[in-house]
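Reviewing the structure listed below.
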Amino acid sequence: MAGSYQTNVIGSMQMTRAVAPAMRAQGGGAVVMISTMATINPSSARRLCGIEGALLIAAKYLAIELGPSNIRVNTARMGWMWGAPVQGYVEHTARTQGIPQKQIVDGIAANIPLRRVVTDDECAHAALFLVSDHASAITVRS
């Protein structure tokens with residue numbers, strides 16, 4: 001858990017602070033931190049709640065600090081993303097419970113408004129939108 005906090009929260013803050021001078025020099029920029037839905041639905045990932053909550057708070061304070069320099073800070077809470085970690089979870093859970101993988105995926109999707117697990121590419125496109133000029137008015141609200 002301590003390693004996750006160091007990587008997710010401290011690492012994100014340090015990286016943002018490292019690029020801030022260059023962003024200021026160019027007149028602005030955008031930072032997007034990728035988080036989980038644990039800040040909205042804590043029961044789904046209890047061990048991540050504190051870490052992801054801390055990341056969200058860090059993003060809010062960075063947005064306040066960097067906003068006057070035209071640097072936007074956002075956090076994208078993607079939820080379940082159909083990539084290697086989720087595929088591994090589905091395979092392991094289906095195997096240990098002796099049920100089809102589709103049943104696991106359907107159970108996950110039932111709690112997602114789109115009723116499907118989005119792809120890593122879809123999430124990357126959402127993050128790209130947040131760093132683009134099309135999202136120039138969006139930053140974390142304090």
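Owing to the predicted nature of the structure, the values given are computational and were not obtained by experimental measurement.
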Worksheet entry | Passing candidate, side chain to side chain contact (heavy atoms under 4.5 Å, CB included) with Trp80, options Val105, Ile108, Val90 | Ile108
Worksheet item: Do Ile10 and Val31 share a hydrophobic cluster, counting only Ile, Leu, Val, Met, Phe, Trp and Tyr and linking them when any side-chain heavy atoms are less than 4.5 Å apart?
Response: yes
Discussion item. Is there a path of hydrophobic side-chain contacts, each under 4.5 Å between heavy atoms, that joins Val19 and Ile71?
Written reply: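 Shared cluster, yes.
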Report the distance from atom [atom1] of [X] to atom [atom2] of [Y], rounding to the nearest 0.5 Å.
| X | Y | atom1 | atom2 | answer |
| --- | --- | --- | --- | --- |
| Arg115 | Asp106 | CZ | CG | 11.5 Å |
| Leu62 | Ile57 | CG | CD1 | 11.5 Å |
| Thr139 | Ile64 | OG1 | CD1 | 9.5 Å |
| Tyr5 | Leu55 | OH | CG | 9.5 Å |
| Arg24 | Leu66 | CZ | CG | 5.5 Å |

Worksheet entry | Partner residues of Arg116 under the salt bridge (Lys or Arg N to Asp or Glu O under 4.0 Å) criterion, sequence neighbours left out | Glu122
Worksheet item: Mind checking what makes salt bridge (Lys or Arg N to Asp or Glu O under 4.0 Å) contact with Glu91, not counting sequence neighbours?
Response: none
Considering non-hydrogen atoms only, spot the tightest contact between [X] and [Y] and give its length.
| X | Y | answer |
| --- | --- | --- |
| Arg72 | Ser136 | CD-O, 3.2 Å |
| Ala94 | Pro100 | CB-C, 4.1 Å |
| Met23 | Ala30 | CE-O, 3.4 Å |
| Ile104 | Tyr89 | CG2-CE2, 4.3 Å |
| Ala76 | Val32 | CB-CG1, 4.2 Å |
| Ala54 | Val9 | CB-CG2, 3.8 Å |

Listed partners of [X] passing side-chain contact (heavy atoms from CB on, under 4.5 Å), at least two apart:
| X | answer |
| --- | --- |
| His92 | Arg95, Thr96 |
| Thr75 | Met33, Ser35, Leu56, Ala59, Arg77, Val140 |
| Phe129 | Ser132, His134, Ala135, Ile138 |

Practice prompt. Just jot down the side chain to side chain donor-acceptor pair (under 3.5 Å) partners of Thr93, sequence neighbours excluded, or say none.
Written response: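 Partners of Thr93 by the side chain to side chain donor-acceptor pair (under 3.5 Å) criterion come out as none, since no residue qualifies.
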